[in-house]
Amino acid sequence: TLRGARMDGANLTGANLTSANLENVSLAGNKMVGANLENAYVQRAQLVGADLERVRGTRANFREANLLRANLAQGVFDWTDFTNATLKSSNCEDARFVNCDMATVDLREAVLLNATFDNVQMPGASLAGLDLRAPRIGKVVLVKANMSGCVLRGVQFRKMRMDGARLEGADLREANLEGAILDGAYLSGVEMRSTRMRSASLVGAVLADADISGCDLILANLSEADCTRTDFRFTRLVGAECRKAHFQWADLRNADFTNASVGGASFWGARMMNTKLPWQAFFWKVIVGASTVFIVARRRREERQKRDH
């Protein structure tokens, strides 16, 4: 066992460390290219700036390990535990992460080009600002993950679990989120033009100020969702569940709510033109139309008062 040892800067290229106990070991700046770490216990180890290129880490335990700026390129990490590990600014190019536990892992600023993530548990992971078009992503659980500002344009996230995830300001244009679970997710300000979200669940999600124009939300569930000032132009919500949703000041021009359930939903101040609403919500067209006339008249009056002063 090497538990607690200080081995900073050591050269362990090609070393056989199978089942080794490296708990709390300091390996900062280490060269471990091609080393065998299968079944190794690397919990809370310090691997800042270490070179682990082509490392075999199957079934290793990296819980709470510090891999800041480490090089994991072409590494194989099947059934590996990275719970609460720090991989910020690490190089994971062409690395393989299959059947891994990566709960609350920190991957911010990491290089993920051609990396593989499949059947990975990533609840609470920090992924903010990453370009997630670069890695190959299969089945991944992203419950309560922080993906604010991520680039997800065109990604295939069908049936992905992202409930409670933070996606503020993310780019999801043309992505496939059919059947995805986004209950309670934070999607304020996201760009989702032409995104496929058929049968997706967005119960209680926050979509305020998002651009969802041209989306396919057929049969989606937006119950109690906050869609304040959201752009729904040309969006298809046929048969969608929208009970108690908030569409205040949303742009609903040319949106299609045919056969949608809108009981208890609020459309106050929404912009409507060529909007198809179910008969139960017809009174909202009358109210919105009347309020629009009132608002326009008030704006004109305010403009006249400004000119007079």
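The first residue of the sequence shown is numbered 1, and numbering continues consecutively from there.
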**Q** Kindly write out the residues that satisfy salt bridge (charged side-chain N to carboxylate O under 4.0 Å, His left out) with D226, not counting sequence neighbours, or none if the list is empty.
**A** none
**Q** Restricting to pairs with a member in residues 28-39, which pass side-chain hydrogen bond (donor to acceptor under 3.5 Å, both in side chains), not counting sequence neighbours?
**A** T18-N36
**Q** Using a 4.5 Å cut-off between side-chain heavy atoms of Ile, Leu, Val, Met, Phe, Trp and Tyr, which other residues end up in the same hydrophobic cluster as V143?
**A** V141
**Q** Provide the full list of ring-ring contact (aromatic ring centres under 6.0 Å, His included) pairs with a residue in residues 68-90, sequence neighbours left out, each pair given once.
**A** F62-F82, F77-F82, F77-F97, F82-F97
**Q** Could I get the full list of salt bridge (charged side-chain N to carboxylate O under 4.0 Å, His left out) partners for D163, not counting sequence neighbours?
**A** R161
**Q** Which pairs would a plain distance check flag for residues 184-197, meaning a side-chain donor or acceptor within less than 3.5 Å of a matching protein atom at least two apart in sequence or in another chain?
**A**
{"unit_1": "R193", "atom_1": "NH1", "unit_2": "D211", "atom_2": "OD2", "d": "2.7"}
{"unit_1": "T195", "atom_1": "OG1", "unit_2": "L172", "atom_2": "O", "d": "2.6"}
{"unit_1": "T195", "atom_1": "OG1", "unit_2": "M192", "atom_2": "O", "d": "2.9"}

**Q** My understanding is that only residues two or more places apart in sequence, or in another chain, count here; which of them pass salt bridge (charged side-chain N to carboxylate O under 4.0 Å, His left out) with D118?
**A** none
**Q** Does anything in residues 67-92 pair up under salt bridge (Lys or Arg N to Asp or Glu O under 4.0 Å), and if so which pairs, sequence neighbours excluded?
**A** R63-D81, D78-R96
**Q** Please examine the side chains of W249 and W268, heavy atoms only from C-beta on, and report whether any two atoms are closer than 4.5 Å.
**A** yes
**Q** Show me the donor-acceptor pairs within less than 3.5 Å that the side chains of residues 48-59 make with the rest of the protein, sequence neighbours left out.
**A**
{"unit_1": "D51", "atom_1": "OD1", "unit_2": "E53", "atom_2": "N", "d": "3.2"}
{"unit_1": "D51", "atom_1": "OD1", "unit_2": "N71", "atom_2": "ND2", "d": "3.1"}

**Q** Which residues, ordered by chain and number, are linked to I181 in its hydrophobic cluster, where ILVMFWY side chains connect at heavy-atom gaps below 4.5 Å, directly or through other members?
**A** none
**Q** Tell me which donor-acceptor pairs under 3.5 Å the side chains of residues 123-134 have, and how far apart each pair is, sequence neighbours excluded?
**A**
{"unit_1": "D131", "atom_1": "OD1", "unit_2": "R133", "atom_2": "N", "d": "3.0"}
{"unit_1": "D131", "atom_1": "OD1", "unit_2": "R133", "atom_2": "NE", "d": "3.0"}
{"unit_1": "D131", "atom_1": "OD2", "unit_2": "R133", "atom_2": "NH2", "d": "2.9"}

**Q** Tell me whether S90 contacts the main-chain N or O of L67 through its side chain, where contact means a donor paired with an acceptor under 3.5 Å.
**A** no
**Q** Please identify each residue that fulfils salt bridge (charged side-chain N to carboxylate O under 4.0 Å, His left out) with E109, with sequence neighbours left out.
**A** none
